[in-house]
Every structure is written in C-alpha cells, then in structure tokens.
Amino acid sequence: MLKPTFFKIALFIFIKYFVFYIFMMFKTGNYALINLDKLESGNDLFYYLWMFLFLPVVSIIFFSLPIYYSFKTSKKIYFIIITGSVFLVEYFLYTYLASASDYLNGILNALIGLILLYLFFYKATPFYK
C-alpha cells in the first residue's frame with residue numbers, strides 16, 4: 001500500500017493506463033503496443049509515444065491534484081464525491097478524446113482505475129482510518 005503523494009498518484013495513473021492498454025490490446029486484437037520492432041524512424045517513435053502517452057499525461061495533469069486532495073479529506077462522503085467526480089470527468093474526457101464510438105471502453109477504463117486505486121491506496125482512504 002502506498003502513501004499518496006503527487007508522484008505516486010501520477011505513477012498510479014500511468015500504470016492504470018498501461019493496464020488498460022494491455023486489456024484493450026487483448027480485447028481488440030491490436031498489438032501495436034508491443035510491436036516496437038516496426039519503429040523505423042524518429043517520426044515513428046514520436047507517433048508511438050504520442051499515441052500511448054497522450055492520455056496518461058493529460059490525466060496526470062488534470063486529475064493528480066483532485067485525487068491527492070481526496071485522500072486529504074477525513075470524511076468518507078467527500079472522498080466518494082471527489083473520487084467519483086474525477087472518474088466521471090475522466091470517463092467523458094476519455095470517450096471524447098479516444099473512444100467516441102464505444103462508450104464501454106470508458107467504463108472499462110474507470111473500472112480498472114477504481115480497482116487499482118483500491119489496491120494501491122486503500123490504507124490511505126477514509127474507509128481504512
């Protein structure tokens with residue numbers, strides 16, 4: 001279990017997207033995440049990094065601070081409201097930017113995020129105190 005800091009929350013978001021990308025890789029049969037041998041130029045590398053790092057970086061920028069402050073609250077209801085709001089806004093952001101044709105992907109992203117949030121930071125939540 002981790003004590004929530006900005007770095008650890010950013011790491012949590014990055015790992016969440018990595019796990020989500022792996023899940024989606026098996027769901028869709030698109031193995032571009034692991035096809036690094038097909039990168040032939042700097043442009044290919046830039047495109048690869050842009051495709052796989054854009055959403056985690058945007059999420060880290062927008063959601064690290066609210067998640068951090070959700071752990072600072074001592075009331076369970078505030079934690080639920082803040083965390084729920086973060087996941088709801090992230091759902092809409094993800095479906096708008098990456099998956100407008102399949103809304104289920106946003107729900108799967110949120111579910112993976114909730115599971116990992118629980119696994120990483122359960123002892124830091126107001127439910128454990």
Side-chain angles (χ1 to χ4, degrees):
M1 302 301 156
L2 301 173
K3 180 181 178 189
T5 63
F6 285 113
F7 175 75
K8 290 176 184 173
I9 291 171
L11 184 63
F12 151 73
I13 292 171
F14 181 76
I15 290 171
K16 176 185 85 138
Y17 271 96
F18 186 72
V19 169
F20 177 67
Y21 288 155
I22 290 172
F23 178 80
M24 291 302 292
M25 181 174 64
F26 289 110
K27 179 183 176 222
T28 63
N30 182 355
Y31 299 99
L33 180 64
I34 57 175
N35 286 339
L36 297 175
D37 59 333
K38 297 192 180 193
L39 300 177
E40 297 176 356
S41 68
N43 288 340
D44 291 343
L45 179 63
F46 177 77
Y47 181 74
Y48 175 84
L49 292 174
W50 177 263
M51 292 303 298
F52 292 110
L53 293 179
F54 177 75
L55 285 170
V57 169
V58 168
S59 293
I60 288 168
I61 291 169
F62 286 115
F63 302 123
S64 291
L65 190 62
I67 292 172
Y68 177 77
Y69 282 116
S70 74
F71 287 112
K72 293 296 180 187
T73 184
S74 60
K75 298 199 183 247
K76 294 176 185 177
I77 190 70
Y78 294 148
F79 178 80
I80 291 170
I81 290 171
I82 294 169
T83 306
S85 298
V86 165
F87 279 101
L88 186 66
V89 171
E90 186 182 22
Y91 166 80
F92 286 112
L93 183 71
Y94 175 79
T95 54
Y96 177 75
L97 292 176
S99 185
S101 63
D102 189 359
Y103 297 130
L104 180 62
N105 292 342
I107 294 170
L108 293 171
N109 185 16
L111 254 130
I112 290 170
L114 286 171
I115 291 168
L116 290 177
L117 185 76
Y118 175 80
L119 292 175
F120 281 30
F121 300 114
Y122 177 72
K123 287 186 178 179
T125 66
F127 297 102
Y128 186 76
K129 297 174 184 173

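The first residue in the sequence is number 1, and the count goes up from there. All values reported here derive from a predicted model rather than from experimental measurement.
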Could you give the distance from [atom1] ([X]) to [atom2] ([Y]), rounded to the nearest 0.5 Å?
X: S99; Y: Y91; atom1: OG; atom2: OH; result: 8.5 Å
X: L11; Y: F18; atom1: CG; atom2: CZ; result: 12.0 Å
X: F120; Y: K8; atom1: CZ; atom2: NZ; result: 11.5 Å
X: T73; Y: I81; atom1: OG1; atom2: CD1; result: 9.5 Å
X: Y68; Y: F7; atom1: OH; atom2: CZ; result: 15.0 Å
X: I107; Y: Y94; atom1: CD1; atom2: OH; result: 11.5 Å

**Item:** Least distance between heavy atoms, P66 atom then I82 atom
**Value:**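 So the minimum-distance heavy-atom pair works out to O-CG2, 3.4 Å.
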**Contact summary for P126 and S74, nearest pair of heavy atoms** =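 What the structure gives for the nearest pair is CB-O, 3.8 Å.
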Taking atom [atom1] as the centre, does [X] end up with more than 12 heavy-atom neighbours from other residues, nucleotides or ligands that are less than 6.0 angstrom away?
X: F46; atom1: CZ; answer: no
X: Y96; atom1: OH; answer: no
X: F14; atom1: CZ; answer: no

Hydrophobic cluster membership, with links at side-chain heavy-atom distances under 4.5 Å among I/L/V/M/F/W/Y: are [X] and [Y] in one?
X: L49; Y: I22; answer: yes
X: I77; Y: F71; answer: no
X: I67; Y: I115; answer: yes

**Main-chain N/O of Y122 paired to T125 side chain as donor or acceptor, under 3.5 Å** =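 Side chain of T125 to backbone of Y122: a pair is present.
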Check residues 53-63 and write down every donor-acceptor pair under 3.5 Å in which the side-chain atom is one partner and the other belongs to a residue at least two apart or another chain.
unit_1	atom_1	unit_2	atom_2	d
S59	OG	Y17	OH	3.2
S59	OG	L55	O	3.1
S59	OG	E90	OE2	3.4

**Message:** Is there a side chain to side chain contact (heavy atoms under 4.5 Å, CB included) between F12 and L117? Walk through the geometry before answering.
**Reply:** CA-CA 7 Å; F12 151 73; L117 185 76; 3.9 Å; yes
**Request:** Check the pair F127 / I80 against side chain to side chain contact (heavy atoms under 4.5 Å, CB included), numbers first and verdict last.
**Result:** CA-CA 10 Å; F127 297 102; I80 291 170; 3.6 Å; yes
**Prompt:** Would Y21 and M25 satisfy side chain to side chain contact (heavy atoms under 4.5 Å, CB included), going step by step from the backbone distance to the final call?
**Reply:** CA-CA 6 Å; Y21 288 155; M25 181 174 64; over 6 Å; no
**Message:** Using the rule given for side chain to side chain contact (heavy atoms under 4.5 Å, CB included), can you reason through N109 versus K16, listing the C-alpha separation, both sets of side-chain angles and the distance that settles it, and then say yes or no?
**Reply:** CA-CA 8 Å; N109 185 16; K16 176 185 85 138; 3.4 Å; yes
